[in-house]
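My questions will all concern the structure given below.
So that the names make sense, note that chain A is the first sequence line, chain B the second, and so on, each numbered from 1. Fair warning: this is a prediction, and the values are worked out from it, not measured in the lab. What's counted below: heavy atoms across the whole structure, side chains too, no hydrogens, waters or symmetry copies.
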Amino acid sequence: MKALRSVRGVTVGLPEGDRLVGPFDMTLYPGQVHGVVGESGSGKTLTLRALAGVTPHNLVSSWDCGTEPAPRTSMIFQDPAGFFNPRWRVDRSLQEVLIHVRALPRREVAARIAELATLVGLAPAELHRYPFELSGGMVQRAGIAMALATEPELLLADEITSALDPELGEKILKLLRRIAVEQGLSVVFVSHDLPLVARAADDVHVLYEGRLVEYGPPARVLADPRHQYTALLVNALPSRDRRGELLPEIPIPQEDAHAPPEACPFLPRCPAAIDACWVMPDWDSEKTYRCHNPMPKGAQ
Amino acid sequence: MTLRWTVSLVLHTAAVVFLVATGSFFLLQIIPGDPAAVVAGMDAAPATVDAVRVQLGLDAPWYVRYAEWIAGVMRGSFGDSYVQRVPVAQLIAQRVPVTAALAGLALVMSIAAAVVMALVSRIGRVATVLVRVIEYASFAFPQFWVGLLLLSFFGLHLGWFPIVRGEGLGRLVLPAVALSLGNAAVLSRTIRAGLAEQLKSAHVVAARSLGVPRMRIAVVHVLPLALIPAVAVIAIQAGYLLAGAIVVEHVFSIPGLGRLALTAIGQRDLPLIQAVVVVFGVAFPLFSMLGDLILGALWPRLRQSKS
């Protein structure tokens, strides 16, 4: 399949030069959902904000798509209600984007809003309400409608199911998948929930302290993790086979036990660290992990 | 909502009127000076002064005079002026439009200036520093001094505005500027804080990520939200503007409520002083209620939780 874009050298850092995220590359395909998983503070949101062009003002970011232009992006945020201007009804917010971003003529706006409502499974009348009058699931659907209003090529979804109960979360993800396929757009779906990402995404990027440490199809990453961090992450998931057992922990490092910038970021917590780990390894030959002492193939 | 709101407004106002009327009565009892002596004239004989005292009803014990005063206020009658011998209500009614126009103009000016300053401060660091300096300066300079400065420069030197007696709004421009400066500074600070707070919020990041133009986000998306905390400040300031009018009307010799109050104090015209104090006092709850109404219009969620 032809890639939508190859995003290269994604980095986010302090203006003084300290790097918080990256550099890493991502290949985006139309109609696919690309998962990014990582713990709090691993740089998931920063990555998305960099891609969306809204890096926090005290940070700097960079990336490019080679010779191709950057894709048109829209971002959907974690807190669905906060996505909307609290003074406006949802359709007023949509109208704002349609008129002032898409430059749609006013007489076409109502029809387009109805179209977007149908696309995300809402009645147009439900959009004529204030965000605080909608339920969590409805407002997240409205958020997706808002993101789609700009007709993006790349949809960036930041923990969009965290505020919803699991069932609603699944529904929203299904909706997102359907829209991605129907509209032929790429979705980057970020979450701390590995099983959720594995169910929803076509591929999984595992992020640790701003570095991409493992990449692959979800089934492989879950069944046969290679990087020590991913292995521990998978091992810490509840499982039917180990009913009644305590879940294993990922060791927590001592306070401020940060690896030096050139080392593998997982070094302070890694149970299998070797001397070589003081220098961050490159990708293996199949481009699936970056680890000097990986889990053997098929170990789990 | 409307009924409850109206009842609450009436009760609030009545309570404030009672407290202010009581306060002004007792404060005026303890200030030095004998109104009877002032009314009778400098060289009047003690017998004449006593006669005037009886005529004005000042010989009655304080609790009788207090009861009469409160009963009058509750009926809307403030008695007659000692000096001019006409109903106090009539004197006040003549002056209210002048002061209202002055304070209203000052209020509009201070809001406009504050909004402009707050928006300008978002341009960059230099602009922020500049706005801050202007804020401190306009807050620090006393009104009477600014008033005199404005008079001598725009009135005398440039001759753009009338100095003594002018007609219409033109004569109110300079005093309104003098009156509005301090308020504009406080308001600008409030709006700037609101802007900074709002510009960090998720919906602004969302609007930016969707490509809504920056200027539009600042003015259309964020400014009305930033004005919400400012409305409460404006409502209080509106009351203080009336009080500030006392000084400014004196400097610019404008025949408003403030000048009336000053003259009345000089002449120990007790009924007039008390009445002006009550009028100023009533303005505060009225403006605060007006502020609540405007807040409801700006903030849909508030409207809903009340209905």
**Request:** Considering only heavy atoms, give the residues of residues 190-199 of chain B separated from chain A by less than 4.5 Å, sorted numerically, with 'none' for an empty result.
**Result:**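 No residue falls under the 4.5 Å cut-off.
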**Prompt:** Quick one: what part of A:R102 sits under 4.5 Å from any heavy atom of chain B, side chain, backbone, both or neither?
**Reply:**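 When you check distances to chain B, no heavy atom of A:R102 falls under 4.5 Å.
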**Request:** Mind listing the closest non-hydrogen atom pair of B:P224 and A:R87 along with its distance?
**Result:**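 Smallest heavy-atom distance, with atoms named: CB-NH1, 3.0 Å.
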**Request:** Select one option (side chain, backbone, both, neither) describing which atoms of B:R216 are under 4.5 Å from chain A's heavy atoms.
**Result:**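 Contact with chain A: side chain only.
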**Request:** Measure the CG-NE2 distance between A:N85 and B:H221 for me, rounded to the nearest 0.5 Å.
**Result:**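 One finds 6.5 Å between CG of A:N85 and NE2 of B:H221.
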Would you mind writing out the side-chain donor-acceptor pairs for residues 97-124 of chain B within the sub-3.5 Å range, not counting sequence neighbours?
residue	atom	partner	partner atom	Å
B:T99	OG1	B:E249	OE2	2.7
B:T99	OG1	B:L257	N	2.6
B:S110	OG	B:A106	O	3.3
B:S110	OG	B:L107	O	2.9
B:S121	OG	B:A118	O	2.7

**Prompt:** Measuring heavy-atom distances to chain A, does B:S209 have an atom under 4.5 Å in its side chain, in its backbone, in both, or in neither?
**Reply:**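 Both backbone and side chain of B:S209 come within 4.5 Å of chain A.
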**Item:** Over 12 non-hydrogen atoms of neighbours within 6.0 angstrom of CZ in A:R178
**Value:**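 Counting other residues, nucleotides and ligands, CZ of A:R178 exceeds 12 neighbours.
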**Asked** What's the shortest heavy-atom distance between A:V97 and B:L210, and which atoms?
**Response**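 Scanning both residues completely, I find the closest heavy atoms to be CG2-CD1, 3.9 Å.
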**Request:** Show the numbers, then the answer: is there a side chain to side chain contact (heavy atoms under 4.5 Å, CB included) between B:V205 and A:R49?
**Result:** CA-CA 9 Å; B:V205 177; A:R49 288 188 63 163; 3.7 Å; yes
**Message:** Which one wins on heavy-atom pair count under 4.5 Å against chain A: B:I228, B:L225, B:V212?
**Reply:**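 Of B:I228, B:L225, B:V212, B:L225 has the most heavy-atom pairs under 4.5 Å with chain A.
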**Asked** Non-hydrogen atoms of chain A under 4.5 Å away: do they reach the side chain of B:V204, the backbone, both or neither?
**Response**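 No part of it gets close to chain A.
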**Request:** Answer with side chain, backbone, both or neither: which region of A:F84 has an atom nearer than 4.5 Å to a non-hydrogen atom of chain B?
**Result:**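 Just its backbone gets close to chain B.
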**Asked** Can you tell me how far the NE2 atom of A:H100 sits from the CD1 atom of B:I217, to the nearest 0.5 Å?
**Response**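 Rounded to the nearest 0.5 Å, the NE2-CD1 separation comes out at 11.5 Å.
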